[in-house]
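Accompanying notes for the structure given below.
Order of appearance sets the numbers: ligands from 1, and atoms from 1 within every ligand.
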Amino acid sequence: MALDLAIVGGTGLYQFPGLENVTRREIGTPFGATSAPVVCGEIGGRAVGFLARHGEGHSVPPHRVNYRANVWALHSLGARRVIGVNAVGGIRADMGPRVVAIPDQVIDYTHGRLTSFCDVDGAEVKHIDFSEPYSAALRRDLLAAAAAAGVPVVDGGCYGATQGPRLETRAEIARLRRDGCDLVGMTGMPEAALARELDLDYACIALIANWAAGCGDEAEISLEEIFANLREATATVPKIIAALLSR
Ligand code: HPA
């Protein structure tokens, strides 16, 4: 059965709560192995696939994720809608820890990643339109689902995608702020662009784990705090998805 929806889980989301009748699918791709098997199952009778972006034991760092294999595999299972769940740091004043946002723009600061399916001899060269990096329809549906589920979310924001795996310096975040970034994360790109190359409807649920460097009162960023905040923010995701699928 073709997937109705695919979810790519980020840091703190390695299994999807509420997924029933699951089968684990190892999908071979022309681009190599996915980060983990795709866990296919049902939510409210709808076929949903879940893929842990960093592997089920968080063994794959952001710059080494095989984004091409992951996106290809979800497409090959019939998914036409993909939601990337990403842990991020907050830059804008209303993007503090535990806030959930549905960003609408991206600036890509990553480097050295394999960013296109065209990057193979003989492949057709595609210049996708990426003016709006996320699917307007899927963003709208996510915002409506969050409202129906009673989950407050921020509508919009510019996601700055950094290379990682280290967090940023204060100067780097000050630059991102000047550039217009509201959030910063390490995994938003090239996933969104690859999804567009395959004509998938793609949107991001950004879970704010911490104030980005220099944006809060703390002198440094505590990993314990990141994980505690993420646990709380991650709990909203199954509620939003259940509401999305029941629409
Ligand atoms: N920077 C980049 N990625 C992140 C952060 C951050 O502060 N927090 C969670 N993911």
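The aromatic rings of Phe50 and Phe16 are tilted relative to each other, their planes meeting at an angle between 30° and 60°. By the 30° and 60° cut-offs, the orientation of the rings of His75 relative to Trp72 is tilted.
Atoms of ligand 1 lying under 4.0 Å from at least one heavy atom of Gly185, given by number and element, are 2 (C), 3 (N).
The shortest N/O to N/O separation between Thr162 and ligand 1 does not fall below 3.5 Å. Among the atoms of Asn210, some N or O lies under 3.5 angstrom from an N or O of ligand 1.
Heavy atoms of Leu167 found under 4.0 angstrom from ligand 1 belong exclusively to the side chain. Counting heavy atoms closer than 4.0 Å to ligand 1, residue Val88 contributes backbone atoms (N, CA, C, O) but none from C-beta onward.
Remark: minimum distance from atom 1 (N) of ligand 1 to any protein heavy atom is reached at Glu168 OE1, 2.7 Å. The protein non-hydrogen atom at the shortest distance from atom 10 (N) of ligand 1 is Ala87 O, 3.4 Å. Among all non-hydrogen protein atoms, the one lying nearest atom 5 (C) of ligand 1 is Gly89 N, 3.4 Å. Atom 4 (C) of ligand 1 has Val184 O, 3.7 Å as its closest protein atom, hydrogens excluded (heavy atom only).
The only option from Met186, Gln163, Arg175 that meets the side chain to side chain contact (heavy atoms under 4.5 Å, CB included) definition with Tyr109 turns out to be Arg175.
From Leu13, atom CG reaches atom CG of Leu207 across 8.0 Å, with rounding to the nearest 0.5 Å.
Remark: side-chain polar atoms of Asp108 are not paired, donor with acceptor, to backbone N or O of Met189 under 3.5 angstrom.
Taking the six-membered ring for Trp and the full ring otherwise, Tyr67 and Phe31 have centroids separated by 6.0 Å or more.
In this model, a donor atom of one side chain and an acceptor atom of the other lie less than 3.5 Å apart for Thr187 and Asn86.
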